[in-house]
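Here the structure comes first, spelled out in structure tokens, and everything after it is commentary.
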Amino acid sequence: MKIAFIGLGNMGAPMARNLAAAGHRVTGHDPAAPMPEGVSPAAALAEAVAGAEVVITMLPNGAILRAVAAEAIPAMSPGAVLCDCSTVDVDSARAVAAEAGAAGLMALDAPVSGGIGGAAAGTLTFMVGGPDEAFARVAPLFDIMGQKAVHCGGAGAGQAAKICNNMILGATMIVTCEAFALADKLGLDRQKMFDVVSTSSGYSWSMNAYCPAPGVGPASPADSGYKPGFAAELMLKDLRLALQAAEGADADTPIGTLAAELYARFVEEEDGRGRDFSAMLPRLAARGRDRSRG
Ligand code: NAD
């Protein structure tokens, strides 16, 4: 397949490299990143997308996606699919899909989970919104870049699934960290805490697969000084997207809101930027009770 790949940063580069290694003809465009192995460079966006059957974008945010889509769509071939794998707001995903549809193209929003490791290993999970026909067309590419693709519904459904998942993840990580910090103060050994919770009703992915306590549970960023993994500022981005969507949909999200406030404080006022999002544990363990919360 002839593929254009726009945005070749931490995630996009390994994804594009895997597509090229699988035998697809991949043209890349990114004004600020080196070309991955096997990917032919295009200096201009329009040049990259011309003649491509699928255009994949992996960009920082919704504003950049909208700008790239506005420039790419007029240059794309009739019948081609625009597949955005970035994490962006639901409104931008739907706006881009509408713009593509008006130009006779199909669009998918297909954000991922699995991080940089999953992108390199080709084991991402894709959560996809958009028409059946477009999903069927891009599915073989999802199979190369990932291990699972779930077709969640129409335009925006992939982004909706992503932010709901990450709102659960952010809140669960915080409460797992605060429980470890409480356990410390109660004199409960962290390993014993893991042994009980990981096999009891408090278990979760945060506890069982990504334990925030160093030396406990499977290897995780906690075991390498909280080097990300999944950086706290990316969790903050996703929590803010969840709150933005909740605002627009009039959904009450009290715990998601609190999780966003805590990650905002951690990233913007403390030392959280550049640390894994599980570094909430040393932050909480170092503190006493916040009396302002009663
Ligand atoms: P990144 O900043 O490393 O890469 C983004 C790339 O987009 C950069 O190389 C940048 O130069 C390029 N870019 C910006 N404007 C462009 C334009 N107009 N045309 C072409 N390229 C342009 O970010 P990343 O970590 O690769 O993340 C990409 C997306 O994936 C984000 O939406 C992020 O939220 C999401 N995501 C990241 C992770 C992760 O662990 N890093 C995990 C899941 C999802």
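Counting starts at 1 for both ligands and their atoms, following the listed order.
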Ligand 1-proximal atoms of L45, by part, heavy-atom distance under 4.0 Å
neither

Which residue and non-hydrogen atom of the protein lie closest to atom 31 (C) of ligand 1, and at what distance in Å?
L59 O, 3.3 Å

Has the side chain of E233 got a donor or acceptor atom that lies under 3.5 Å from a matching backbone atom of G274?
yes

Does D238, backbone or side chain, put an N or O under 3.5 Å from an N or O of ligand 1?
no

Please output the side-chain donor-acceptor pairs of residues 96-105 that fall under 3.5 Å, not counting sequence neighbours, one pair per line with the distance.
none

Could you identify the single nearest non-hydrogen protein atom to atom 30 (O) of ligand 1 and state the distance to 0.1 Å?
M58 CE, 3.1 Å

Look at atom 7 (O) of ligand 1 and find which of A119, P60, G9 reaches it with the closest heavy atom.
P60

Look at the side chain of H29 and the backbone N and O of A42, then say whether any donor-acceptor pair between them is shorter than 3.5 Å.
yes

Note: heavy atom closest to atom 44 (C) of ligand 1, options L124, T87, V68, belongs to T87

Electrostatic pair E270-R265, nearest N-O below 4.0 angstrom:
no

Heavy atom under 4.0 Å from ligand 1: found in K162's side chain, backbone, both, or neither?
side chain

So, for atom 2 (O) of ligand 1, does the protein have a heavy atom nearer than 4.0 Å?
no

Quick note on ligand 1: atoms under 4.0 Å from a heavy atom of G115 include exactly 40 (O), 42 (C)

Short N or O distance, K237 and ligand 1, threshold 3.5 Å exclusive:
yes

Students should be able to answer this: which protein heavy-atom is nearest to atom 19 (N) of ligand 1, and at what distance?
P31 CD, 3.7 Å

Enumerate the atoms of ligand 1 whose separation from the nearest heavy atom of G7 is less than 4.0 angstrom.
7 (O), 21 (N)

For F277 together with Y210, are the ring centres under 6.0 Å from each other?
yes

List ligand 1 atoms under 4.0 Å from A33, heavy atoms only on the residue side.
9 (O)

Check whether any side-chain N or O of N18 sits under 3.5 Å from a backbone N or O of M145 as a donor-acceptor pair, and report yes or no.
no

Which atom pair, heavy atoms only, marks the closest approach of F230 to D276?
N-OD1, 2.8 Å

Would M11 count as being in polar contact with ligand 1, using the rule that some N or O on each side must be under 3.5 angstrom apart?
yes

With atoms numbered from 1 as shown, which atoms in ligand 1 lie under 4.0 angstrom from a non-hydrogen atom of A32?
11 (O)

Residue pair N208 / S198, side-chain donor-acceptor N/O under 3.5 Å:
no

Gap between atom OG of S86 and atom CD1 of I6 - 0.5 Å precision:
11.0 Å

Under 3.5 Å, is there a donor-acceptor pair between the side chain of T123 and the main chain of A119?
no

Kindly identify the option in N10, D30, L241, D84 whose heavy atom sits closest to atom 11 (O) of ligand 1.
D30

Listed partners of R275 passing salt bridge (charged side-chain N to carboxylate O under 4.0 Å, His left out), at least two apart
D271

Which ligand 1 atoms does S86 reach within 4.0 Å, using its non-hydrogen atoms?
32 (O)

Going by the atom numbers of ligand 1, which of them fall below 4.0 Å from some non-hydrogen atom of I64?
15 (N)

